[in-house]
Amino acid sequence: MPELPEVETVRQTLKNFIVGKTIKSVETPYDKIIVGNAKEFARRLEGQIICNLDRVGKYLIFILDDDAFVSHLRMEGKYNIVEESTELGKHEHVIFKFTDGSELRYADTRKFGRMELVSRDNYKDELPLSKLGAEPWEAKTDEVYVRLHKSSLPIKTLLLDQSIMTGIGNIYANEICFRMRINPKTPGNKLSKRRTAELIKTSQEILDEAIKQGGTTIHSFSANGIDGLFQTKLQVHMQQECPICKGIITKEQVNGRGTYYCKKCQR
DNA sequence: ACGTCCTCCTGTTCGC
DNA sequence: TGCGAACAGGAGGACG
């Protein structure tokens with residue numbers, strides 16, 4: 001499931017393939033991927049050149065001549081670059097045809113991903129990006145502390161709240177809690193300001209390391225066939241044995257999400 | 001304003 | 001062995 005490091009990996013890889021290309025047409029065989037009117041989405045993009053590929057949190061932002069659109073991969077979204085003669089895959093739902101005969105195809109087995117037109121010059125200040133908190137590198141301790149302080153929800157749940165900090169998903173939330181040696185069920189309002197600062201710093205470290213490794217491959221995720229290596233570095237997520245005490249890793253649901261932690265080392 | 005629950009999907013795993 | 005049921009999960013929306 002793509003989180004910030006995976007989306008960043010996709011951005012870096014995909015950018016080289018698509019910047020400068022002109023969109024000839026857009027087809028949407030499964031149009032629920034598009035938020036709003038899919039026909040309108042396709043019509044607006046036709047003839048525009050892809051100028052840049054940005055990222056905010058887990059969102060990709062395609063910058064065109066006059067418009068922009070955001071793309072969220074959710075659980076299993078992927079982008080494929082193929083020649084136009086390539087047979088359409090079962091799970092390819094949005095097709096961008098370029099004037100040079102190549103195509104960008106959005107594939108998503110679970111159809112959870114979404115794309116949405118936004119304004120080119122103001123996309124960070126309008127929905128859906130405007131509701132996001134800062135990425136861990138820009139997060140201010142005081143602001144995060146205020147948010148944590150007024151909630152008794154588990155710290156791991158709050159790590160997944162994109163309006164507090166953005167970019168962290170289930171895998172990295174588990175890893176961050178482990179490195180912090182904190183029980184993921186600890187209420188947010190139990191964290192001191194000092195601990196909050198540590199939480200932000202640990203989030204930065206974990207995401208930095210994952211980006212360096214090219215993300216984490218879980219199930220079918222991969223950016224253009226390049227599989228992330230961070231999975232080999234996972235300490236608790238999907239693990240059986242605690243790397244510190246060699247005890248059993250506990251798996252339980254926390255607010256409906258699979259949560260892995262060591263009951264002895266994380267308190 | 002906040003917390004909880006439901007929905008969207010399909011491939012995989014599980015139980016009988 | 002086979003088939004239906006349960007499960008997984010990010011974000012948005014409904015509801016209290």
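To find a chain, count down the sequence lines: A is the first, B the second, and so on, and within it residues start at 1.
Put simply, CG on Leu129(A) is 13 Å from C1' on dA11(C), counting in whole angstrom units. As rounded to whole Å, 17 Å separates atom C1' of dG10(C) from atom CE of Met165(A). Rounding to whole angstrom units, CG of residue Leu148(A) and C1' of dG3(B) are separated by 16 Å. Taking atom NE2 of His93(A) as the reference point, atom C1' of dC8(B) lies 13 Å away to the nearest angstrom. One can place CG of Leu153(A) at 5 Å from P of dG3(B), the figure rounded to the nearest angstrom. His149(A) places its NE2 atom 14 Å from the P atom of dC2(B), with the value rounded to the nearest Å. The interatomic distance linking Ile168(A) (CD1) with dG10(C) (P) rounds to 12 Å, in whole Å. In this structure, the CE atom of Met238(A) is 12 Å from the C1' atom of dT12(B), given to the nearest Å.
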For this session: Using the salt bridge (Lys or Arg N to Asp or Glu O under 4.0 Å) rule, take Asp142(A) and Lys193(A) through it: C-alpha gap first, then chi angles, then the decisive distance, then the call.
Result: CA-CA 7 Å; Asp142(A) 289 350; Lys193(A) 194 170 277 194; 3.3 Å; yes
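Screening Val118(A), Ile61(A), Asp54(A) for a side chain to side chain contact (heavy atoms under 4.5 Å, CB included) with Leu129(A), the sole residue that qualifies is Ile61(A). A side chain to side chain contact (heavy atoms under 4.5 Å, CB included) with Asn174(A) is found for one member of Arg257(A), His237(A), Gln235(A), Arg179(A) and no other, namely His237(A). The only option from His93(A), His91(A), Glu92(A) that meets the side chain to side chain donor-acceptor pair (under 3.5 Å) definition with Arg105(A) turns out to be Glu92(A).
Using a 4.0 Å heavy-atom cutoff across all strands shown, Asn170(A) reaches sugar-phosphate atoms only and no base atom.
Across residues 252-263 of chain A, Gln253(A), Arg257(A), Gly258(A) each have a non-hydrogen atom less than 4.0 Å from an atom of DNA chain C (numbered order).
For Tyr59(A) and dA11(C), the shortest distance from a side-chain N or O to OP1 or OP2 is not below 4.0 Å. Taking 4.0 angstrom as the limit, Lys90(A) places none of its side-chain polar atoms (N or O) nearer than this to OP1 or OP2 of dT10(B). Side-chain nitrogen and oxygen atoms of Lys111(A) include none within less than 4.0 Å of the OP1 or OP2 phosphate oxygen of dC8(B). Contact check, Lys131(A) against dA11(C): no side-chain N or O comes under 4.0 Å of OP1 or OP2. Between Lys32(A) and the phosphate of dC9(B), there is a side-chain N or O to OP1/OP2 separation shorter than 4.0 Å. Residue His91(A) places at least one side-chain N or O under 4.0 Å from the OP1 or OP2 atom of dG11(B). Between Ser151(A) and the phosphate of dC2(B), there is no side-chain N or O to OP1/OP2 separation shorter than 4.0 Å. Side-chain N/O atoms of His72(A) include none lying less than 4.0 angstrom from OP1 or OP2 on dG10(C).
Side-chain proximity of Gln162(A) to dG10(C), dA11(C), dG11(B): nearest is dA11(C). Side-chain atoms of Thr109(A) lie closest to dG11(B) of the nucleotides dG11(B), dC2(B), dG10(C).
Residues Tyr123(A) and Ser130(A) have side chains that never bring a donor and an acceptor to within less than 3.5 angstrom of each other.
The cationic group of Lys24(A) does not satisfy the cation-pi geometry with Phe98(A), failing either the under 6.0 Å distance to the six-membered ring centre or the 45° limit from the ring axis.
Met165(A) is connected to Leu191(A) through a chain of hydrophobic side-chain contacts under 4.5 Å among Ile, Leu, Val, Met, Phe, Trp and Tyr, so both are in one cluster.
dG10(C) has its base stacked against the ring of Phe112(A), the centroids being under 5.5 angstrom apart at an interplanar angle below 30°.
Side-chain atoms of Glu27(A) never come within 3.5 Å of backbone atoms of Phe96(A) as a donor-acceptor pair (strictly under, hydrogens ignored).
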